[in-house]
Amino acid sequence: MSDKLLTGHAPHILGGKSVSSIMWDVIIALIPVSLVSIYYFGLKALILILVSMASAMIIEGAFFAIRGKGIKHGLGIRDGSAAVTGLLIALILPPTAPLWLAVIASAVAILLAKQAYGGIGNNIFNPALVARAFVFMAWPSLMTAWSNPLTISNWLADLTSGATPLGGAEHSLFEMFLGNTGGSLGETSALAIIVGGLYLLLKGHIDWRIPVGYLGTAAVFAFFTSKFSFYDVAFNLLAGGMLFAAVFMATDMVTSPTTKTGRLIFGIGCGLITMFVRKYASAPEGVTYAILFMNALVPIIERYTVPKTFGGVKGA
Amino acid sequence: MIMKRFPGGIHPKYNKELTADKPIIEMPPPKKVRLLLRQHLGAPCTPLVAAGDKVTVGQKIADTDAFVAAPVIASVSGEVTAVDSEGIDIACDSTNSDFKGQKQQYSSPEQLRQLIREAGIVGMGGATFPTHVKLTPPEGKSISTLIINGAECEPFLTTDHRLMLEQGEEVVQGTKLLMEACGASNAVIGIEENKPDAIKHLTDICQEHDNISVVAVPVRYPQGGERQLIKTLTGKEVPVGGLPLDLGFVVSNVATAAAVHHAVNLGRPLIDRVVTVSGAVAKPGNVRVRLGTSIADLIDFCGGLDPDVVKVVCGGPMMGQAVDDLNSPVTKGTSGVLAFTAGEVREYEERTCISCASCVDACPQKLLPNYLALYSKKGKLDLAEQYHLFNCIECGCCSYVCPSRIPIVKYIKTAKDRIQRRRRK
C-alpha cells in the first residue's frame, strides 16, 4: 500500500471513452470514403489527403508550441482533432485543388475557426466548413473545377474536367450510390459514407437525430417541390455534399446541440436551408452555409429544448 | 408486471465475479470499535454513555429526540474508552459479545415502527435514511406497495446478492414486517437479471406468499436508484422534489428487510452488517462485521491490501467515498470496502468539454449535466437551479462517460453545497 491514499471524488472508475479515442474512431469511419476517393480520383486524392492532414497537424502543433512556449506543448495535437479536421478538409475539396489551397484551408480551420475561439470545444462553427467557405469565396474557380472519375484501367492518368450531378452531369442513381461521379473527394460515394456513418452510430459518437432530421427533411422537401417524384428525392439525397455533411459535418459534437430534441431541430434546419439553396438560390449547393448557419443557432436551440427532467416539468 | 425503461444509464464493468460466489463469513468482534453518532441521514445522536461506562452488546448508547434519526446501538460488549463529538470508542470484551435476544411483541403498526427505530435500523443500501421515518405515511397519504430493492447495481458489491441467496427466508420475513409497518398491501422484490440464482431462490420462497412477487429487472446502472427502480417496476416517475410516498410507494433495501427481521423476530438490533471487501485485497469476500470495526481491521481479516493499492473506497465505486484514514469505522451504510491500484483509478487532467452530450444521453434523471457543471464552475448557481440541479441523484453516470474527464458530479455537489449554505444564511 502506498503511504498516502488518494481521496478523489466519486465515481472512482471511469469509462473508456476519451477525446482522442473518439477522434480515432472518426478517422476510422472516414477510411472508406478516403479509399473510394483514391479509387476514383487517383494519387492526386491521396496526396491531397496527406498534405491536408499534415498541414493541419503541423499548424496546430506550432500554435501550441508557440503559445505554450516549448516544443513539447506541440504534442497537444495527440488528441487527434487536428488530424480529423485536416482529413475532413481534404474530403470536401475538388480532386483538382492545388496543394497550397489545402494548406491555406487547414490554416484557416485551425487558426481562425478553432484556436481563435480558444481551441477544441470552444469553437462555434465547424472548422472544416469555415475553411471551405473561406477558400470557396477566395478562389471560386478552383473550388468548382470538377473532374470526371478515373477508371481502374487508366488509374494513373491525368484527371479530365467534368461536371457534378448537381452541375448537370448525367449519371444513373446506381453510379451516384457507388460514387462514380464528379464531386469533392469524399462526397461522391453514398455507399462509403453510409458504412462510415453506421460505424459512428454503432460506436455512439453520433446521434441518429441529426442525419435523419437532415436527410428526412431534404427528402420531404424534394418530394413536394418536384411534384412527388421519387427520382428527385433519391437524386437529391445522393447528389452533392449533403449525405457526407449529414453524417460527418452536421454531427460534429462541438458545434451541434447537446439536447436530444435540439439535435433533431438542428438536423431539420440544415435540411431546409440546404434544399432552399439548391432549389431557389443561384448556387448549386448550400450544404456549407446551411450547417454554418445552424451552428450559430445552437445556443438558442439548446436554450429552448431543455428536456423535461425525470419526474418533472419541461424546460428550464 | 409492466417493465418500463428509465432514461439513460450505463454499463460499467461489474467485477462482481470476485465475490459473488463467496459465502458470507462472520468476522469475530474486533478489539475495539468506534461507533459514529451520525450513521444516518438526519440529526446526529447524543451519547447516553460516558468514558469508563460498561456497555453490553445491543444496548442503546446514543439517541436523540429528533424524528429523522435512528439511535446508535453498542455492537460489542466492553468498556467505553472515549466519547467525543463524533463518536463513541469501546474496548471490546470479546468473550461476552455474542448477542442473545428474543422475539419482540407488538400490537400495532406504530409499535412495530418503534421497534424498528429502537433497533437503530436505517436504509442499508447506502442512503442510510432512518427506516421508521420512511414507513410512517404522513396524514392523508397511504402506502400501497412496498418495493424491495435487490438490484444491487453498483459494480463489485455482492452483499445483497449473498443475503438473498443465503438468507432469503429472512429477507422475505423482513419484507412482511415492513409491509405491516407501513400498511402496504403488496410487495415487489426487484432483482437485476445478473443474479439468476437469487431470483430463483426468492421466487421459490415467495410462492407461499400471494402478495409478494419477485421481478427480474434489466442490468443497467443505476437500476437500484429508487426512482429508477420505481420507473422500471411501475412505469411511474416520482415527481421532482417529491418522494416515492407521493405515489404510494416505499422502497427498502434487501439488507434493511433482513435487519428488520432480525430486530423484530429475533430481538437483535442493528449491531452488524454484511460488507463486500473486494478489489486489490488478498482474500476478497462478503463479511458480516460488527458496526464500528475499523476498515483496517476488516481489511486485515481479508488478508490485507495488495502492495500497490492507492485508493480505498467505502461503498460502491460509482457513489462510494474514498477514505484517507483506514482507522475510519464501518457504519450502517458501508456496503463495500474496495481497494484500487493506480492503474484502476488513474487521475486524469480535466479537459475542455467538447459538447459530445455523452453525459446528457447517460443521465437517468434527464438532466443536462454539461450545463450543470458549467454553471457550477462559473458560480451561476441560480441558472444551475433552473436547470434542475437538485433533481440530480449523484449516480456518477455523467462523470463516468465523459471523454474530457470532467468531474461533473463533483461540480454538481459543489453547487448544491453552495446553494444550501446560502439558504441557511
Side-chain angles (χ1 to χ4, degrees), chain A residues 1-23 25 76 79 81 117-124 204-207 209-210 251-263 298-299 302-303 305-316, chain B residues 6-7 10 12-13 155 227 231 237-240 242 305-313 317-324 326 338 340 344-345 347-348 351-358 360-361 364-368 370 386-388 391 394 396 399-405 407 409-410 413:
Chain A
M1 193 191 94
S2 69
D3 294 343
K4 202 159 161 34
L5 289 171
L6 299 174
T7 54
H9 34 78
H12 305 282
I13 50 172
L14 295 177
K17 244 196 213 182
S18 69
V19 174
S20 54
S21 77
I22 295 173
M23 294 302 161
D25 277 339
D79 70 15
S81 64
Y117 286 95
I120 185 171
N122 296 311
N123 49 300
I124 298 170
H205 298 324
I206 65 174
D207 183 7
R209 289 175 180 83
I210 293 176
T251 53
D252 170 36
M253 293 169 172
V254 178
T255 57
S256 62
T258 54
T259 60
K260 291 195 175 83
T261 320
R263 291 174 216 157
V298 166
E302 288 190 341
R303 179 69 192 80
T305 53
V306 176
K308 176 175 158 294
T309 181
F310 194 59
V313 284
K314 200 173 162 58
Chain B
F6 68 84
I10 55 171
K13 192 168 181 307
R227 281 151 205 265
K231 175 80 176 182
E237 292 181 21
V238 179
V240 175
L305 294 174
D306 289 357
D308 47 351
V309 165
V310 296
K311 199 185 225 184
V312 174
V313 171
M318 293 301 294
M319 293 184 72
Q321 234 176 353
V323 284
D324 54 347
L326 293 183
L338 310 174
F340 293 106
E344 295 164 317
V345 288
E347 301 228 318
Y348 294 90
R351 299 181 48 123
T352 315
C353 170
I354 57 165
S355 304
C356 69
S358 298
V360 178
D361 295 342
Q365 293 288 103
K366 278 174 92 178
L367 300 167
L368 297 178
N370 51 337
Q386 248 182 62
Y387 276 69
H388 312 295
N391 203 24
E394 299 172 14
S399 301
Y400 180 87
V401 297
C402 181
S404 294
R405 311 296 190 193
V409 177
K410 185 186 89 172
K413 284 182 189 164

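Just so it is clear: chains get the letters A, B, ... in the order the sequence lines come, proteins before strands, and each one is counted from 1.
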- prompt: B:P155 versus chain A, heavy atoms under 4.5 Å apart: side chain, backbone, both or neither?
  reply: side chain
task: Find the one option among A:E302, A:M253, A:K260 whose heavy-atom pairs under 4.5 Å with chain B are most numerous.
output: A:M253
message: Donor-acceptor pair, distance only, cut-off 3.5 Å: does the side chain of A:H12 make one with the backbone of B:V345?
response: no
query: Does a side-chain heavy-atom distance below 4.5 Å link B:L368 with A:V306?
result: yes
field: Pairwise side-chain contact, A:V19 with B:R405, heavy-atom cut-off 4.5 Å (strictly under)
entry: no
query: For A:D252, is it the side chain, the backbone, both, or neither that has a heavy atom closer than 4.5 Å to a heavy atom of chain B?
result: neither
statement: Shortest non-hydrogen pair, B:G396 vs A:P11, comes out as O-CG, 3.5 Å
field: A:T7: side chain to side chain donor-acceptor pair (under 3.5 Å) partners, not counting sequence neighbours
entry: none
query: What part of B:D324 gets closer than 4.5 Å to chain A, counting heavy atoms only: side chain, backbone, both or neither?
result: both
- line: Looking only at heavy atoms, the pair that brings B:E237 and A:G311 closest together is OE1-N, 2.5 Å
A:F310 side chain reached by B:P7 side chain, heavy atoms, under 4.5 Å: yes
message: Does any part of the side chain of B:M318, heavy atoms only, come nearer than 4.5 Å to the side chain of A:I13, both counted from C-beta?
response: yes
B:Q365 versus chain A, the contacting section by heavy-atom distance below 4.5 Å: both
query: Does any non-hydrogen side-chain atom of B:V401 lie less than 4.5 Å from one of A:K17?
result: no
Option in B:P12, B:C353, B:G320 with maximal non-hydrogen atom pairs under 4.5 Å from chain A: B:G320
- request: Among A:D79, A:T255, A:D207, single out the residue with the greatest number of heavy-atom pairs under 4.5 Å to chain B.
  value: A:D79
- request: Output the option from A:G121, A:G15, A:G119, A:A10 having the highest count of non-hydrogen pairs under 4.5 Å with chain B.
  value: A:G15
field: Which atoms of A:I22 approach chain B - backbone, side chain, both or neither, heavy atom under 4.5 Å
entry: side chain
task: Tell me, please, which residues at least two apart from B:V238 pass side chain to side chain contact (heavy atoms under 4.5 Å, CB included).
output: B:R227, B:I230, B:P244, B:L247
- prompt: With no hydrogens and no angle check, is any side-chain donor or acceptor of A:S18 less than 3.5 Å from a backbone partner on B:S404?
  reply: no
- request: Report yes if some heavy atom in the side chain of B:R351 is under 4.5 Å from a heavy atom in the side chain of A:I120; otherwise report no.
  value: yes
- prompt: Tell me, do A:L5 and B:K311 make a side-chain contact under 4.5 Å, heavy atoms counted?
  reply: no
